[in-house]
Number of protein chains: 2
Amino acid sequence: MTMSTSDEPLLRGDLFAEACPSREVLRHVTSRWGVLVLVALRRGTHRFSDLRRVIGGVSEKMLAQTLQALEADAIVLRVAHPVVPPHVEYSLTPLGREVAERVQDLADWIEGSMPVIEQARRKSGAQPARLG
Amino acid sequence: MTMSTSDEPLLRGDLFAEACPSREVLRHVTSRWGVLVLVALRRGTHRFSDLRRVIGGVSEKMLAQTLQALEADAIVLRVAHPVVPPHVEYSLTPLGREVAERVQDLADWIEGSMPVIEQARRKSGAQPARLG
DNA sequence: CGGCATCCGCAATGATACTG
DNA sequence: CAGTATCATTGCGGATGCCG
């Protein structure tokens, strides 16, 4: 314990900076629907409606917003076929595949640790706790 | 592309389930302050006020909430010394060290990829995009 | 010092309706 | 089908004040 003895601003990178661009991207990929979109797209290309069905519970608006954010981050690739009715396909970019892997890694680890976590909760009588 | 041909509920685990407990934990560790707490605590034990100073910009309330959530998840260990004035120390549990590592891995990857991401944005003329 | 209770503004999210 | 626009609601997150 007892970290550095100076009063430096602390921590590599500037993850701690309020308006840090990487924080933005982190928020996008770990957002409520961002995680699910990434995991879903790891399985391959999906159309808009496919994603809605697969994810379940996401509103049109939020899915569109999430996809746009990830597209702007060069994580999701959007390909619109100029036909009628519209046909749009979403997939992961090479960059996207890398993040998605890490996000799923985290998600998988948590899922795998849930038994331990829930056991710890029972032992301490702790509630699932607030915080969103 | 063209994923599975059946209409299975989709995806290993049930990350996609609405009331999935692992989603809860995922939200905790990737929350605005959760990420920062984990990264900070990787450096060692901190007192409440230390964390506030190190993280910067976090309110008392949110830091307390975040710590409680992570404590309930058995990710953060809280040790209160019965002295006056109060002296409370926060650290990562073994479980916590594992998640923290993965979270930081993700954060580091994003930071490292920011040049590519920002370049992609300029090429496509995309804005940093909304979504929080 | 390390909290908890309360109040409140605003952004995020959701439901619905409409368009190309 | 794939969105956009609008409105209603929720709940995060900050500020303040009090307590052990």
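Just so you know, these numbers use all the heavy atoms, side chains as well, and skip hydrogens, waters and symmetry mates. Within every chain, numbering begins at 1; the chains are lettered A, B, ... in the order of the sequence lines, protein sequences first and strands thereafter.
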>> Could you tell me how far apart B:Glu89 (CD) and C:dC1 (P) are, to the nearest whole angstrom?
In response: 15 Å
> Is any side-chain nitrogen or oxygen of A:Gln68 closer than 4.0 Å to OP1 or OP2 of D:dT4?
Replying inline: yes
>> Just the rounded figure in Å: distance from P of C:dA5 to CD of B:Gln65.
In response: 11 Å
>> From NE2 of A:His46 over to P of D:dC1, roughly how many Å is that when rounded to an integer?
In response: 16 Å
> Only one of B:Val103, B:Leu106, B:Asp108 forms a side chain to side chain contact (heavy atoms under 4.5 Å, CB included) with A:Arg102, so which one is it?
Replying inline: B:Leu106
> Taking for each residue the nucleotide of DNA chain C with the nearest heavy atom, is it A:Glu60 or A:Pro85 whose nucleotide lies nearer the 5' end?
Replying inline: A:Glu60
>> Counting the atoms with a prime plus P, OP1 and OP2 as sugar-phosphate, which does A:Pro86 contact under 4.0 Å by heavy atoms, base, sugar-phosphate, or nothing?
In response: base
>> Tell me the interatomic distance from A:Met62, atom CE, to D:dA2, atom C1', rounded to whole angstroms.
In response: 17 Å
>> On the nucleotide C:dG2, are OP1 or OP2 found under 4.0 Å from the side-chain N or O atoms that B:Ser49 carries?
In response: yes
> Quick one: CG on B:Leu63 to NZ on B:Lys61, what's the gap to the nearest 0.5 Å?
Replying inline: 13.0 Å
> B:Ile55 has an atom CD1; how far is it from atom P of D:dG14, in whole Å?
Replying inline: 12 Å
> Are any of A:Arg27's side-chain N or O atoms less than 4.0 Å away from OP1 or OP2 of C:dA11?
Replying inline: no
> With respect to A:Asp50, which candidate in A:Arg52, A:His46, A:Arg53 satisfies the side chain to side chain donor-acceptor pair (under 3.5 Å) definition?
Replying inline: A:Arg53
>> Strictly below 4.0 Å: does A:Arg32 bring a side-chain N or O up to OP1 or OP2 of C:dG14?
In response: yes
> For the pair made of CH2 in B:Trp33 and C1' in D:dC12, what is the distance, rounded to whole Å?
Replying inline: 12 Å
> Under 4.0 Å between a side-chain N/O of A:Tyr90 and OP1 or OP2 of D:dC1, yes or no?
Replying inline: no
> So what does B:Arg78 touch, heavy atoms closer than 4.0 Å: a base, only the sugar-phosphate, or nothing?
Replying inline: sugar-phosphate
> How many angstroms lie between atom CZ of B:Arg32 and atom CZ of A:Arg27, to the nearest 0.5 angstrom?
Replying inline: 6.5 Å
> So which nucleotide from D:dA2, C:dG2, C:dG14 ends up closest to the side chain of A:Val88?
Replying inline: D:dA2
> Does A:Lys61 or A:Leu67 map to a spot on DNA chain D nearer the 5' end, using the closest nucleotide for each?
Replying inline: A:Leu67
> Rounded to whole angstrom units, what separation is found between the CG atom of A:Leu36 and the C1' atom of C:dT13?
Replying inline: 15 Å
>> Return the CZ to OG distance between B:Arg47 and B:Ser91, rounded to the nearest 0.5 Å.
In response: 14.0 Å
>> If the cut-off is 4.0 Å, is A:Arg47 near the phosphate of D:dA2, judged by side-chain N/O to OP1 or OP2?
In response: yes
> Rounded to the Å, how far apart are B:Leu63 CG and C:dC1 P?
Replying inline: 14 Å
